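Here the structure is a predicted model, which means the values were calculated and not measured. Reminder, nothing fancy here: chain letters follow the sequence lines and each chain counts from 1.
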2 protein chains.
Amino acid sequence: MAEHDIDRPAPKRRRSKGSSLTLRDVARLANVAPITASRALNTPEAVSEAILARVKDAVERTGYVPNLLAGGLASRRSRLVAAVVPTITGSVFLETVQALTDTLAAHGYQMMLGQAGYAGTRADALLEAIIARRPDGVILTGIMHSPLARRRLVASGIPVVETWDLTPNPVDMLVGFSHEQLGAAVAHFLHRRARRHVAAITAGDERAIRRHGAFAAAAASLGIAGPGALAQQVVPAPSTVESGRAGLRALLAQAPAIDAIFCSSDLVALGVLIEAQAQGIAVPGQLAIVGMGDLALSRDLHPALTTVRVDGTLIGATAARYIMQRAEGRAVAQPVCDVGFTIVERGTT
Amino acid sequence: MAEHDIDRPAPKRRRSKGSSLTLRDVARLANVAPITASRALNTPEAVSEAILARVKDAVERTGYVPNLLAGGLASRRSRLVAAVVPTITGSVFLETVQALTDTLAAHGYQMMLGQAGYAGTRADALLEAIIARRPDGVILTGIMHSPLARRRLVASGIPVVETWDLTPNPVDMLVGFSHEQLGAAVAHFLHRRARRHVAAITAGDERAIRRHGAFAAAAASLGIAGPGALAQQVVPAPSTVESGRAGLRALLAQAPAIDAIFCSSDLVALGVLIEAQAQGIAVPGQLAIVGMGDLALSRDLHPALTTVRVDGTLIGATAARYIMQRAEGRAVAQPVCDVGFTIVERGTT
DNA sequence: CTGAAAGCGCTAACAC
DNA sequence: GTGTTAGCGCTTTCAG
């Protein structure tokens, strides 16, 4: 019972109870070293035809599926990307999340989804849980700007893309558009359409508020904000159809002369449309409605909804590309992308 | 330059370039062995007060975030759960995904999301990508039933929950409801409401078709399916408002006498409602509409939509609980859960 | 082009 | 309660 054997003792595989199929088994079957099997799977061009065939055959026969957790630990590349949204239901970010998932999946990455909530209380815990998985990138949509979260994220060194906004001092990369420009553009649009008493219904989230601040300012300078301040209703986030209905009722009580409403989401706009129809208010005759987000259903309403379209798919695909580029060690030349927006004019204006 | 040192050479940390903060660093700072630091973090009750405090302090001071990839490899528990949906946009499963994410997050698990597509071509590749991450569980919603996928899943030994259905031979666990019962219930409901010429608009996905098969059979046996076969339109999945509008037009051309339509989703039902309003057809006077899914907006329509509600949140939370129970080694006593459904009667009937 | 050795950062198993 | 040791399954590094 020597305390120190001179020759290193043969490694005994102690914990192999589930004894899952490993690269070793495949390598043994193919009569190569494990590392060669690894190369055959990851960089097939670096391996001879014959060996490639043998390894592939062994994989086929055993039904081997590599363990990417182990691979990630060794290579420091998890091929996991985290996306954070405020909430997933009824969110304008769905298109972005879809594009993200698809683009990433097409390149062998997998998406983790996290919900930060609109209150922001869960954000820090969520971010810690995310960083603990060592993702190759984090994509932030909507809020998520606790200072602690920012610091942690920077400290972790993980590539970050912030989306759906153009903040002056991003954590890292940026794919979005200017909410201020958007708000002002809508005011000018309504002015050109000869609306003279505009109003707004705004969800109580930070970006919507900035959007509508710019809208109010532009409307005032165009002289279409009504006699006093702009008539405005703030409804809680996330926005709903009911907020729109209630919002219109409140607005009408407050300023009966209004002839146009800018809503912070298409759902709210749908609520306004429904309430207007229920009250016998002609749209667009007496009241113009502009939404935001261009949901799939907006073009199918009657009348079809005028809205501001943001290309969420482009945002998602671009963000995914940025992350993958970074993960593969290539620098991103222009890590800020303004995708802009379009006012899609339809029947409600 | 001895070729074999008798004493094992001191491990030289060769690859430490990024030199991330590890448990070792924390342990060193707290003056304990790494395993003790590990215990302080994972099973604080198994460690003395004094040590717990020292470790916590060290974590605090360094900003240490554990590497769960490494932890998962060692413990064979990734704390990752995969959810698969056909597509994320416009999906009735959003509520389920939300509940899943939240329930899992509350217990330290993270959700990976995958989109299989309605065509089913991406399902196999997606499933391989998922299994490669060794999740503690997989939650399937919607289709995903390629035989290869089933086999792989079973072979992997990963706990599986199939949701939104009650299949006769599940892969593993099951949380759903009977689409057949649902379809029949709607037929009886319309019969009781004195509708005598019912019709249906069905998205071309397998469950909707089964639902509507049962609807048609029950309607026929009640004598409300019209003179010949039930008037029915099949529209492509995923369903949209436009499908509903087009569907109603087609149905009217085909069978002008219909007085009720069962739609395979609320979005389709909204389309029918809009088209009816556009054509001056009174709802519910001339035409009753029943949706499926009870979207948030359905109750806010005018008239509010009668629909079949399925508790997607309950499905998600239950599925999450099943997976976590299994992951923690406890068997699930009743791995089949019928969450049922409710017909929510509102203004369109 | 192929392989041996040495870990990636953590925890299970067994001592004490 | 705390520590020692030996891996989890893979890939990097370095050597042929």
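Here the side chain of B:Thr36 is nearest to one of D:dG3, C:dG3, C:dT11, namely D:dG3. In this structure, the nucleotide among D:dT11, D:dC8, D:dT4 sitting nearest to the side chain of A:Ala74 is D:dT11. Nearest nucleotide to the A:Ile35 side chain, out of D:dT12, D:dC8, C:dA12: D:dT12.
Residue A:Met111 comes nearest to A:Ala83 through the heavy atom pair SD-CB, 3.7 Å, listed as atom of the first residue, atom of the second, then distance. Across every non-hydrogen atom of B:Ile130 and B:Pro135, the tightest pair is O-CD, 3.1 Å.
Along DNA chain C, the nucleotide closest to A:Pro34 and the one closest to B:Asn42 are compared, and the more 5′ of them pairs with A:Pro34. Toward the 5′ end of DNA chain D lies the nearest nucleotide of B:Val32, the other residue of the pair B:Val32 and B:Arg134 mapping further downstream.
Computed from coordinates, the B:Leu73 CG to C:dC8 C1' distance equals 9 Å when rounded to whole Å. Atom CZ in A:Arg133 sits about 18 Å away from atom C1' in C:dC8, given to the nearest Å. Counting to the nearest Å, the P atom of D:dG9 and the CD1 atom of B:Ile131 are 16 Å from each other. Residue A:Arg77 contributes atom CZ, which lies 17 Å from atom P of C:dG9 at whole-angstrom precision. Atom CG in B:Asp25 sits about 11 Å away from atom P in C:dC8, given to the nearest Å. What separates CG of A:Asn31 from P of C:dC1 is a distance of 20 Å, to the nearest Å. Spacing between atom CG of B:Leu23 and atom P of D:dC8 amounts to 20 Å, rounded to whole angstrom units.
Under the salt bridge (charged side-chain N to carboxylate O under 4.0 Å, His left out) criterion, no residue pair touches residues 31-51 of chain B, with sequence neighbours excluded. Sorted by first and then second residue, the salt bridge (charged side-chain N to carboxylate O under 4.0 Å, His left out) pairs involving residues 320-336 of chain B (not counting sequence neighbours) are B:Asp172-B:Arg326, B:Glu328-B:Arg330.
A donor-acceptor contact under 3.5 Å links the side chain of A:Arg39 to the base of C:dG3.
Residues from residues 45-72 of chain A with heavy atoms under 4.0 angstrom of DNA chain D, sorted by number: A:Tyr64, A:Pro66, A:Asn67, A:Ala70, A:Gly71.
The side chain of B:Ser75 contributes no N or O atom lying less than 4.0 Å from OP1 or OP2 of D:dC8. Contact annotation: A:Ser38 side-chain N/O to D:dT11 OP1/OP2 distance is under 4.0 Å.
Residues forming a side-chain hydrogen bond (donor to acceptor under 3.5 Å, both in side chains) with A:Ser38 (at least two apart in sequence, or on another chain): A:Asn42. Remark: A:Thr313 pairs with A:Glu95, A:Ala99, A:Asp311 by the side-chain contact (heavy atoms from CB on, under 4.5 Å) rule, at least two apart or across chains. Remark: B:Ala105 pairs with no residue by the side-chain contact (heavy atoms from CB on, under 4.5 Å) rule, at least two apart or across chains.
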